[in-house]
Protein chains: 2
Amino acid sequence: MTDIFFDNHNLNDEKVFLKSTELLYFAYRDYIAWPDEVLKKYNFGRAHHRVIFFVNQNPGISVAELLALLNITKQSLSRVLSTLLDKRFISQKIGTRDRRKRLLNLTAKGEKLLFDVSECQKLQMVKACSEAGSVATEGFWKVLSKLINEKNKKDTINLTYK
Amino acid sequence: MTDIFFDNHNLNDEKVFLKSTELLYFAYRDYIAWPDEVLKKYNFGRAHHRVIFFVNQNPGISVAELLALLNITKQSLSRVLSTLLDKRFISQKIGTRDRRKRLLNLTAKGEKLLFDVSECQKLQMVKACSEAGSVATEGFWKVLSKLINEKNKKDTINLTYK
DNA sequence: AAAATATGTCAGTCATGTTGACATATAATA
DNA sequence: TATTATATGTCAACATGACTGACATATTTT
């Protein structure tokens with residue numbers, strides 16, 4: 001593909017849109033589906049996976065910050081988080097500066113679960129990126145970053161990657 | 001990023017995995033959420049959007065092919081497809097070679113809906129890809145392609161892009 | 001002392017996926 | 001031709017993970 005494709009030709013805009021949308025849909029679906037079997041053993045769903053993934057990415061995150069990160073309601077988070085807390089996959093620590101806050105961390109048990117659930121995904125992603133090469137991987141990240149709403153970037157990427 | 005990152009260093013594997021997973025999650029979420037407001041006006045959801053998108057990508061697709069493409073059950077598709085048929089966003093034509101088959105196409109009304117729903121997404125994707133550049137966009141497609149299960153590629157990418 | 005904030009919970013709803021069972025029309029095969 | 005297989009559609013029940021709205025408690029800020 002040459003740079004002429006980005007010269008305001010609507011046909012190429014259409015191709016970029018259709019091809020990207022299709023690939024993004026299938027890739028996301030096939031990537032996200034992997035951990036399901038492992039999760040089923042624990043009687044957990046994808047929502048539990050997301051929570052332990054992001055708590056691991058942001059140790060000591062508060063409930064409100066996690067809500068902003070995931071962009072879901074308190075009531076929706078409550079169900080999965082309560083279970084993860086009850087079953088000791090996540091620990092809560094009362095904030096020292098602000099005792100209203102509950103700071104979340106994975107327990108050893110939670111880390112083990114995340115490791116098990118991540119195994120296949122990690123293989124799949126590392127394989128895809130290494131086969132595609134480092135230039136392609138940088139491009140992959142670049143386009144994905146630009147797809148994220150600026151408004152959400154504040155709550156998200158700042159916490160881990162710039 | 002240099003090629004040394006793909007030399008079997010587990011720390012870099014970990015980075016590739018975590019960064020890619022996080023970016024893919026946020027990008028997909030922020031990309032897919034866009035059409036919701038438009039869809040709400042029609043009283044449709046994301047499932048309806050997917051159906052009209054893929055019927056448009058594969059004109060004359062049969063129900064069984066659409067099921068294989070979307071990887072969902074007949075019963076799940078039935079609800080949304082019935083509505084789209086009832087309200088004349090999609091037309092059914094009995095197959096000529098095999099009269100059991102129902103070949104699906106968008107009606108003019110369906111094309112109008114898809115256009116309205118696509119408007120924001122198209123802007124968002126074209127903006128992201130053109131800002132990232134053609135090399136990055138190629139890399140984006142390359143990694144996404146490699147994330148798709150080989151088994152699914154038969155049902156999917158073959159139909160539109162190789 | 002009053003207002004705002006962080007968290008948690010109860011109750012109900014919705015969208016979209018799943019299984020399992022069964023019916024009908026048509027095509028392919030023995 | 002009779003039987004079997006395929007393509008489609010539909011009924012019922014259920015699971016997951018979102019949502020809204022209301023309300024309670026503890027703590028911090030004003």
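Chain letters run A, B, ... following the sequence lines, proteins first and then strands; every chain starts at 1.
- Whole-Å rounding puts the A/Ile72 CD1 to D/dT16 P distance at 16 Å.
- A donor-acceptor pair under 3.5 Å links the side-chain atoms of A/Arg29 to the main chain of B/Leu70, judged by distance alone.
- Atom NE2 in B/His49 sits roughly 16 Å away from atom C1' in C/dT16 (whole-Å rounding).
- A/Gln75 contributes a side-chain N or O that forms a donor-acceptor pair with the base of D/dG21 under 3.5 Å.
- The side chain of A/Lys74 lies closest to D/dC23 when the candidates are C/dA6, C/dT16, D/dC23.
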Pick out the pairs of N or O atoms, protein on one side and nucleotides 27-30 of chain D on the other, that lie under 3.5 Å.
| unit_1 | atom_1 | unit_2 | atom_2 | d |
| --- | --- | --- | --- | --- |
| D/dT27 | OP1 | A/Arg99 | NH2 | 3.2 |
| D/dT28 | OP1 | A/Arg99 | N | 3.0 |

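- No donor-acceptor pair under 3.5 Å is formed between the side chain of B/Ser62 and the backbone N or O of B/Lys101.
- Distance check: B/Trp141 CH2 to B/Lys146 NZ gives 16.0 Å after rounding to the nearest 0.5 Å.
- Here the side chain of B/Gln124 pairs a donor or acceptor atom with the backbone of A/Leu147 at under 3.5 angstrom.
- Two residues, A/Ser78 and B/Asn43, neighbour DNA chain C, and the one matched to the more 5' nucleotide by heavy-atom proximity is A/Ser78.
- Using bins of under 30°, 30° to 60° and over 60° for the plane-to-plane angle, the ring pair B/Phe54/A/Phe26 lands in the tilted bin.
- Note: B/Phe53 and B/His49 have perpendicular aromatic rings, judged against thresholds of 30 and 60 degrees for the angle between ring planes.
- Shown here are the salt bridge (Lys or Arg N to Asp or Glu O under 4.0 Å) partners of B/Lys87, two or more places apart in sequence or in another chain: there are none.
- Looking at A/Thr21, its side chain does come within 3.5 Å of a backbone N or O of A/Phe17 through a donor-acceptor pair.
- If you check every strand for non-hydrogen atoms under 4.0 Å, A/Arg79 touches a base.
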Checklist entry - In dot-bracket form, how is DNA chain D paired, counting a Watson-Crick or G-U wobble pair only if both its distances are under 3.5 Å and using | for bases paired to another strand? => result ||||||||||||||||||||||||||||||
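- Panel note: side chain A/Asn105, backbone A/Pro59; no donor-acceptor pair is recorded below 3.5 Å.
- Per the geometry, CG belonging to A/Leu104 stands 14 Å off P belonging to C/dA6, to the nearest Å.
- For B/Glu65 and D/dT8, the CD to C1' distance is 14 Å, given to the nearest whole Å.
- Side-chain nitrogen and oxygen atoms of B/Thr73 include at least one within less than 4.0 Å of the OP1 or OP2 phosphate oxygen of C/dT18.
- Rounded to an integer number of Å, the gap from B/Lys93 NZ to D/dT8 P is 14 Å.
- For the pair B/Lys40 NZ and D/dC19 P, the interatomic distance rounds to 11 Å; values are reported in whole Å.
- The distance between atom CD1 of B/Ile61 and atom P of D/dT8, rounded to the nearest whole Å, is 10 Å.
- Distance CG (A/Leu103) to C1' (C/dA6): 11 Å, rounded to an integer number of Å.
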